[in-house]
*Asks:* 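This is the structure, below, for whatever I ask next.
Every value quoted in this text rests on a predicted model; they were computed, and no experiment measured them.
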Amino acid sequence: MAPSPIDISHLTHSNAVPTTSETKHIQHGIQTLEHKAADLRAQLQEVESQLQQHRGILSPIRLLPLEVLGHIFSLVLPDILDEVDRTYLIGLSLVCRSWCEAARATLKLWRGVELKRYDINFDRIMAWYGHSGSSDDTLPKSLKWVVTGWHDCQGRNNSRIPQCESANPTLARLLFEGPVLDHLTIKVPSTECYRRIMDSIHPVEPHLLLEPGQPSPSRWASLRSLTLGFGNEWTENTRSTHPSLFDYLPHTVTEFRLHLPLHKDAFGDEWQLLDEARVVIHPAFLNNLTTFELSCDWTHRHILELLQHCINVKELVLNMGSYAGYRLLGISVSFQNLSFPRLRTLRFRHLRRAWSMEMFGLVRAPHLRHLDLSFTDMADPSNKHTLDLGMLIHINWVSLMKKWGDLRTLRIHDVHIASDALHPFLVNQLPALTRLTLDSVMFDPLLFSFLGSMSFPFEGKYFPVLETLEILNLPAGFDLTPLFDFLRDRRPWHKARNNNKKVFEAPPDSIARLVLTYREQEKVSILDPYADVLGVLKDAGVYVQADTSYKMVDVM
């Protein structure tokens with residue numbers, strides 16, 4: 001017979017002490033309630049799980065087209081995948097069937113492969129490329145071959161130094177039997193490594209590759225784009241009896257990027273070796289280029305000897321390094337007028353000293369559209385360079401472009417500019433300029449007061465068709481007032497008396513985008529005092545991106 005239940009209601013409404021029997025009864029009740037609560041929690045979790053499953057079935061992501069999902073994958077991954085990136089892509093493909101289908105359908109994810117000596121397998125690489133399309137014409141394919149570390153390139157058989165991987169037979173097989181390549185990148189520690197690669201992949205005489213229409217069984221001979229990078233050793237010199245290191249370059253290449261080792265790494269303090277260093281590239285190869293990027297901090301002679309033959313180049317990138325050679329004294333007449341009749345984009349990197357600017361002044365580009373000047377010190381990025389009139393006196397701006405009126409975009413990066421030196425960059429009002437970027441440039445903000453006070457024939461203003469103005473990586477104390485006054489002068493406005501609304505006194509200005517960024521994140525926004533002005537600009541149809549954190553912007 002079950003015991004009679006004990007009435008404990010008098011205990012819930014008083015502070016009375018329970019008896020022994022009442023205590024045992026209450027403890028039993030607690031256990032019963034705990035078990036019941038646990039059961040209810042389990043049931044709740046099951047219901048929430050079912051609810052989540054039902055919501056997941058109706059999730060918009062199920063409606064996401066495979067093309068969009070594949071595009072997201074391509075934004076996450078680089079264009080050329082090394083072993084880690086390829087493993088990551090395989091991981092994405094294993095998430096679910098739709099992700100796998102999206103990855104397989106996005107052919108460009110499979111078109112670029114970076115290889116190192118430890119991950120070379122011909123069949124596996126060919127299978128990877130196979131996902132980018134069965135036909136060689138389906139999608140341009142890229143291959144990047146990287147040799148790192150020190151190797152026994154001289155055949156010394158030193159047991160402590162591994163054999164050179166440059167002449168890897170799998171690489172040679174890929175360049176003979178693999179897919180037709182659009183772009184090839186080769187990065188090696190030394191010239192000897194590169195020569196071994198060329199010896200292993202070329203069964204034909206070098207001069208045949210420079211003859212248009214000459215057939216070749218090698219995939220190497222079909223390249224459109226080629227990048228060559230050398231580490232810290234250079235043995236090519238004027239006394240060498242070997243053929244030129246670059247005799248094997250195929251005539252099909254129109255985009256060429258050459259990264260030579262820093263002079264301090266390749267030659268140290270032996271200046272004689274630097275003077276005797278040889279970089280001989282067949283003029284026919286250079287004549288065919290439309291894009292040329294050269295990283296070289298050697299003497300100007302080495303740079304000028306190559307540039308004189310780039311007569312058809314449309315985009316030229318010169319990475320001058322931190323040295324850039326001797327002053328341009330006694331240079332030959334042929335180097336005093338470097339003409340690039342088709343050049344549209346000119347980018348200088350690591351412009352540092354006066355003689356770098358002198359070489360800049362030799363360029364003749366009558367149809368230049370985009371000019372990008374960066375002064376970052378490669379050896380010491382914290383070392384800010386000051387650009388003054390003395391540095392600019394070597395440049396004949398009119399000779400450079402014939403007509404400044406053709407320039408569309410101008411970017412100046414990482415330099416201090418004296419108050420009287422910035423104006424030469426803005427000479428002749430740049431009537432066709434649509435984008436101006438001052439990135440990490442220290443200058444006097446009163447420049448904008450000067451520009452706003454001047455009147456010129458081009459609609460009575462500087463930069464009459466300017467659409468985008470970017471001032472990036474500003475210091476916290478930079479005074480924006482002259483800038484905003486400059487913008488207001490371009491389209492004056494006032495507040496109406498009856499309703500206090502803004503009334504603009506001129507048609508919309510050409511400037512449609514203003515970007516301001518600062519070096520450091522601030523707890524209190526530096527832009528708060530200018531909130532009203534920013535509001536007016538937005539009302540005027542100007543898109544304003546104002547951040548208190550710096551973001552790198554590549555304008556071209």
*Asks:* State, yes or no, whether a side-chain contact exists between N473 and Y518 at a heavy-atom distance under 4.5 Å.
*Replies:* no

*Asks:* Ion pair present between E114 and R86, side-chain N to carboxylate O less than 4.0 angstrom?
*Replies:* no

*Asks:* Please enumerate all residues that pass side-chain hydrogen bond (donor to acceptor under 3.5 Å, both in side chains) together with E293, with sequence neighbours excluded.
*Replies:* none

*Asks:* Is it the case that T345 and E315 place a side-chain donor and acceptor less than 3.5 Å from each other?
*Replies:* no

*Asks:* Could you list the residues that satisfy salt bridge (Lys or Arg N to Asp or Glu O under 4.0 Å) with D509, not counting sequence neighbours?
*Replies:* K461, R490

*Asks:* If the condition is salt bridge (Lys or Arg N to Asp or Glu O under 4.0 Å), which residues does D265 pass it with, not counting sequence neighbours?
*Replies:* none

*Asks:* Could you pull out all residues at least two apart from H183 that satisfy ring-ring contact (aromatic ring centres under 6.0 Å, His included)?
*Replies:* none

*Asks:* Looking at residues at least two apart in the chain, or sitting in another chain, which of them share a salt bridge (Lys or Arg N to Asp or Glu O under 4.0 Å) with R488?
*Replies:* none

*Asks:* T481: which residues meet the side-chain hydrogen bond (donor to acceptor under 3.5 Å, both in side chains) condition with it, sequence neighbours left out?
*Replies:* D479

*Asks:* Excluding sequence neighbours, so at least two apart, what forms ring-ring contact (aromatic ring centres under 6.0 Å, His included) with F246?
*Replies:* none

*Asks:* Not counting sequence neighbours, which residues clear ring-ring contact (aromatic ring centres under 6.0 Å, His included) with W110? List them please.
*Replies:* W128, H131

*Asks:* Less than 3.5 Å apart, any donor N or O on the side chain of N287 or H309 sitting next to an acceptor on the other?
*Replies:* no

*Asks:* State whether R349 and D372 are salt-bridged, where the test is any N-O pair (Lys NZ or Arg NE/NH1/NH2 against Asp/Glu carboxylate O) under 4.0 Å.
*Replies:* yes

*Asks:* Who passes side-chain hydrogen bond (donor to acceptor under 3.5 Å, both in side chains) against N288, sequence neighbours left out?
*Replies:* none

*Asks:* Can you list the residues that meet the salt bridge (Lys or Arg N to Asp or Glu O under 4.0 Å) rule with E255, with sequence neighbours excluded?
*Replies:* R224, R257

*Asks:* With sequence neighbours left out, what residues match H71 under side-chain hydrogen bond (donor to acceptor under 3.5 Å, both in side chains)?
*Replies:* none

*Asks:* Which residues pass the side chain to side chain contact (heavy atoms under 4.5 Å, CB included) test with A540, not counting sequence neighbours?
*Replies:* R491, F504

